[in-house]
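Both counts, for ligands and for their atoms, begin at 1 and track the order of listing.
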Amino acid sequence: MSFDIDWDNLSFSLTPAKTMFIAKCPIGGEWSDGEYMPYGDISISPGAGVLNYGQGIFEGMKAQRTKGGKIVLFRPDQNGLRLQNSARRICLPEFSVEKFVEVIKKMVIENEEYIPPYGKGSLYLRPCIWGTGAILGVSPAPEYTFIVYASPVGQYFKTGFKPIKLEITTEFHRAAPHGTGNVKYIGNYAAGMFAARQTKEKGFNEVIYLDAREDKYIEEVGAANFFCIKGNKLLTPKTGSILPGITRKSVMQLASDKFGMEVSEQNVSIEEALSADEVFCAGTAAVISSIGSISYKGKETIYNNFNVGTVTQKIYDTLTKIQLQEIEDPYGWVVVVK
Ligand code: PLP
Ligand code: COI
């Protein structure tokens, strides 16, 4: 029950909210209207496509309370669009963006008591599409499930607002050109667990991946996009095999519109990243997380003496204040649910 939740000590972990949503779709057919039901285990065939061949995708989004007592979402249509894009790549049926946003809003209302108080965290929503029909041969499953569940969460990195320590892996790649790195495919995350575990055992918070073609350019952090600041320039790796983050897209727009920065999506070499003034990563779960150091081949480069850089702080403040309706949202990014 929600009153058992320790709102002051939320971490990024699963505390299931009471209601989930499930809709089904046969291959080549239409999605059912779906049902809101109590969160709980689901029954699934051992032959399900998602279990045997990883035919599954997901999204991640947050509902938050504002100081003014509203409940808000950030650019939910963008998650709906990215889910459609991921669905096409993994041979899953697309879900309408309009219905997606409607379901997310209803899920927020249904689980209202699980949304942390203002400033204490957010209700993380996890929409997924899985091939749940049984299939033995390697081909798309005969039936699909769209599911949304939710959990109150706190900060993604255990360090809180303290800058994180990252390591560039020279041993593993997250994604390859023309692979699945640019969609939110479940297999990308399983593939990254070994690298993340190894780096965490050495005391780092997360891993930074390099491009698989040349091993020269920064791709992204385990579950967030990478940015570096050099003077008035904001550089971020080009899409291709990285996930096109919604936070990333928003940060690029803010840096250009609000701070007059020169924003460039380009190949970001290891040397450019290591010689930057400030570096940070951005994502729904990670928000804007300042990077305090990057280790590469055993050598640690420290940024700003492990303090959050002034530009990173400015971008963080602007983004989070827009998200919480504390400054004007000229883009219509914030959707008020209640
Ligand atoms: N990169 C990866 C691999 C991610 O899992 C995420 C999180 O969704 C992101 C980047 C950031 O994307 P977004 O800002 O849309 O959450
Ligand atoms: C997100 O930021 O929503 C993510 O998906 C990151 C991670 C929890 C997988």
Exercise for review: Please confirm whether Lys24 makes a cation-pi placement over Phe146, using NZ or CZ under 6.0 Å from the six-membered ring centre and within 45° of the ring normal.
Suggested key: no
Between the side chains of [Y] and [X], is the shortest nitrogen-to-carboxylate-oxygen separation below 4.0 Å, so that they form an ion pair?
X      : Y      : result
Arg82  : Glu59  : yes
Arg88  : Glu94  : yes
Arg174 : Glu220 : yes

Practice item. Tell me, with the steps shown, if Arg248 and Glu265 meet salt bridge (Lys or Arg N to Asp or Glu O under 4.0 Å). Key: CA-CA 10 Å; Arg248 171 182 182 272; Glu265 278 181 79; 3.0 Å; yes
Would you tabulate the polar-atom pairs, meaning N/O of ligand 1 against N/O of the protein, with distances under 3.5 Å, reported to 0.1 Å?
unit_1, atom_1, unit_2, atom_2, d
ligand 1, 1 (N), Glu220, OE1, 2.5
ligand 1, 5 (O), Lys184, NZ, 3.1
ligand 1, 5 (O), Tyr189, OH, 2.5
ligand 1, 8 (O), Lys184, NZ, 2.8
ligand 1, 14 (O), Ile246, N, 3.2
ligand 1, 14 (O), Thr247, N, 2.9
ligand 1, 14 (O), Thr247, OG1, 2.6
ligand 1, 15 (O), Arg82, NH1, 2.7
ligand 1, 15 (O), Arg82, NH2, 3.1
ligand 1, 15 (O), Ile246, N, 2.7
ligand 1, 16 (O), Thr284, N, 2.9
ligand 1, 16 (O), Thr284, OG1, 2.5

Review point. Does the ring-ring contact (aromatic ring centres under 6.0 Å, His included) test come out yes or no for Phe12 and Tyr124, once each step is laid out?
Key: CA-CA 9 Å; Phe12 197 88; Tyr124 186 78; 5.1 Å; yes
Check your understanding: Considering all heavy atoms of both residues, which atom of Tyr185 and which atom of Ile57 are nearest to each other, and what is their separation?
Key -> CA-CG2, 4.2 Å
Under 3.5 Å donor-acceptor pairs involving side-chain atoms of residues 202-216, not counting sequence neighbours:
unit_1, atom_1, unit_2, atom_2, d
Lys202, NZ, Glu167, OE1, 3.1
Lys202, NZ, Glu167, OE2, 2.8
Asn205, OD1, Lys165, N, 2.7
Tyr209, OH, Gly192, O, 3.4
Asp211, OD1, Asp215, N, 3.2
Asp211, OD1, Lys216, N, 2.8
Asp211, OD1, Tyr217, N, 2.8
Asp211, OD2, Arg213, N, 3.2
Asp211, OD2, Glu214, N, 2.6
Glu214, OE1, Lys216, NZ, 3.4
Asp215, OD1, His173, NE2, 2.8

Distances only, to 0.1 Å: what are the N or O pairs between ligand 2 and the protein that fall under 3.5 Å?
unit_1, atom_1, unit_2, atom_2, d
ligand 2, 2 (O), Ala285, N, 2.8
ligand 2, 3 (O), Tyr124, OH, 2.6
ligand 2, 5 (O), Tyr124, OH, 3.3
ligand 2, 5 (O), Lys184, NZ, 2.7

Point to revise | Co-members of the apolar cluster containing Met193 [side chain, <4.5 Å] | key: none
